[in-house]
Peer 1: 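Supplied in structure tokens, the structure appears directly below.
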Amino acid sequence: MTAPQAIDLAEKFAGFSEYWRPKIAAQLNGQDVRLVKTQGVFPWHSHADAEEMFLCFHGRFRVEFRDRVVELEPGQMVVVPRGVEHRTASDAEAHVLIFEPSEVVNTGDAEVSEFTAPAGVRV
């Protein structure tokens, strides 16, 4: 076991450039803290067995539901309940932290596509 250390989020985000490819920054209690850069619109999907928490770190980010849109600015977060269909989007580049169980696939119940990120990639 390594000694706990501070994690510099800006440094971690600077370590990758691709969009919609979450990277694991930390793990705790069976959960991943994933970092993702976004731009454009992600496919509609849901996660039957897991909630997701999105925390905007940089830029403007939104979580779209079939009946409403939640707009996030830096320092704001939203929790998507399990089983609720949603998609995420940003008009310009945004940096977002995602808290979810380690086994969750980013595209949920959507078909595997270019948006489906490889599992277990760390930054």
Side-chain angles (χ1 to χ4, degrees):
M1 181 172 182
T2 59
Q5 298 180 27
I7 297 172
D8 185 322
L9 294 174
E11 180 181 292
K12 294 290 186 181
F13 276 113
F16 65 98
S17 59
E18 65 270 22
Y19 298 124
W20 304 116
R21 293 280 188 241
K23 312 283 188 250
I24 300 168
Q27 295 178 300
L28 64 155
N29 301 317
Q31 301 271 320
D32 286 349
V33 178
R34 299 178 184 178
L35 308 183
V36 66
K37 289 184 178 179
T38 68
Q39 188 169 4
V41 179
F42 198 75
W44 286 102
H45 67 284
S46 65
H47 304 278
D49 298 319
E51 288 100 8
E52 291 182 290
M53 187 193 95
F54 295 95
L55 171 63
C56 184
F57 180 74
H58 170 80
R60 293 179 54 91
F61 176 76
R62 66 185 180 272
V63 180
E64 299 178 355
F65 301 94
R66 292 296 186 178
D67 63 345
R68 69 191 175 292
V69 175
V70 177
E71 298 270 352
L72 300 176
E73 295 188 17
Q76 294 181 319
M77 61 179 251
V78 65
V79 174
V80 177
R82 68 186 68 209
V84 173
E85 190 176 31
H86 63 285
R87 71 179 181 182
T88 53
S90 61
D91 296 328
E93 182 173 288
H95 300 176
V96 179
L97 285 82
I98 306 169
F99 296 76
E100 61 193 353
S102 297
E103 67 274 4
V104 167
V105 175
N106 70 321
T107 49
D109 62 358
E111 289 188 28
V112 173
S113 70
E114 68 275 7
F115 288 96
T116 306
V121 178
R122 299 185 74 85
V123 64

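Numbers here are sequence positions counted from 1. Computed over heavy atoms, backbone and side chain alike; hydrogens, waters and symmetry mates excluded.
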Peer 1: Please list all pairs meeting side-chain hydrogen bond (donor to acceptor under 3.5 Å, both in side chains) that have one or both residues in residues 46-57, counting only residues at least two apart or in different chains.
Peer 2: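 Every pair satisfying side-chain hydrogen bond (donor to acceptor under 3.5 Å, both in side chains) with a residue in residues 46-57: His45-His47, Ser46-Asp109, His47-Glu52, Glu51-Arg82, Glu52-His86.
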
Peer 1: If we only count heavy atoms from C-beta on, is the Val112 to Thr107 side-chain gap below 4.5 Å?
Peer 2: no

Peer 1: Mind checking what makes side-chain hydrogen bond (donor to acceptor under 3.5 Å, both in side chains) contact with Arg68, not counting sequence neighbours?
Peer 2: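 With sequence neighbours excluded, Arg68 shows a side-chain hydrogen bond (donor to acceptor under 3.5 Å, both in side chains) to no residue whatsoever.
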
Peer 1: Are the side chains of Phe16 and Val121 in contact, using a 4.5 Å heavy-atom criterion?
Peer 2: no

Peer 1: Can you list every salt bridge (charged side-chain N to carboxylate O under 4.0 Å, His left out) pair that touches residues 27-40, not counting sequence neighbours?
Peer 2: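 Checked against salt bridge (charged side-chain N to carboxylate O under 4.0 Å, His left out) - neighbours excluded - the pairs reaching residues 27-40 are Asp32-Arg34, Arg34-Glu100.
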
Peer 1: Only counting residues at least two apart or in another chain, list the ones meeting side chain to side chain contact (heavy atoms under 4.5 Å, CB included) with Ala119.
Peer 2: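 Applying side chain to side chain contact (heavy atoms under 4.5 Å, CB included) to Ala119 gives none.
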
Peer 1: Tracing side-chain links under 4.5 Å among I, L, V, M, F, W and Y, which residues wind up in one group with Val70?
Peer 2: Val36, Phe54, Phe61, Val63, Phe65, Leu72, Val78, Val80, Val84, Val96, Ile98

Peer 1: Taking distance alone, no hydrogens or angles, what donor-acceptor pairs closer than 3.5 Å link side-chain atoms of residues 3-14 to residues at least two apart or in another chain?
Peer 2:
unit_1, atom_1, unit_2, atom_2, d
Asp8, OD1, Ala10, N, 3.1
Asp8, OD1, Glu11, N, 2.9
Lys12, NZ, Val123, O, 3.0

Peer 1: Taking side-chain hydrogen bond (donor to acceptor under 3.5 Å, both in side chains) as the definition, give me every residue that meets it alongside Thr88, ordered by chain and number, with sequence neighbours left out.
Peer 2: none

Peer 1: My understanding is that only residues two or more places apart in sequence, or in another chain, count here; which of them pass side chain to side chain contact (heavy atoms under 4.5 Å, CB included) with Met53?
Peer 2: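 Residues passing side chain to side chain contact (heavy atoms under 4.5 Å, CB included) with Met53: Leu55, Met77, Val79, Phe99.
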
Peer 1: Show the nearest heavy-atom pair for residues Pro22 and Asn106, with the distance to one decimal.
Peer 2: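 That would be CD-ND2, 3.9 Å.
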
Peer 1: Under the rule for salt bridge (charged side-chain N to carboxylate O under 4.0 Å, His left out), what residues qualify as partners of Glu18, not counting sequence neighbours?
Peer 2: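 Applying salt bridge (charged side-chain N to carboxylate O under 4.0 Å, His left out) to Glu18 gives Lys23.
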
Peer 1: Give the other cluster members for Trp44, using side-chain heavy-atom distances under 4.5 Å between Ile, Leu, Val, Met, Phe, Trp and Tyr residues; answer none if it is isolated.
Peer 2: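 None; Trp44 is a cluster of one.
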
Peer 1: With sequence neighbours left out, write down each residue that passes salt bridge (charged side-chain N to carboxylate O under 4.0 Å, His left out) with Arg21, or none if nothing qualifies.
Peer 2: none

Peer 1: Grab the two heavy atoms, one from Gly59 and one from Cys56, that are nearest each other, plus how far apart they are.
Peer 2: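 The answer is O-SG, 3.2 Å.
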
Peer 1: Give me the atom names and distance for the closest heavy-atom approach of Arg122 to Ala25.
Peer 2: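 In terms of heavy atoms, the two residues are closest at NH2-O, 4.4 Å.
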
Peer 1: Could you work out, with side chain to side chain contact (heavy atoms under 4.5 Å, CB included) as the rule, every residue matching Pro43, not counting sequence neighbours?
Peer 2: Phe115

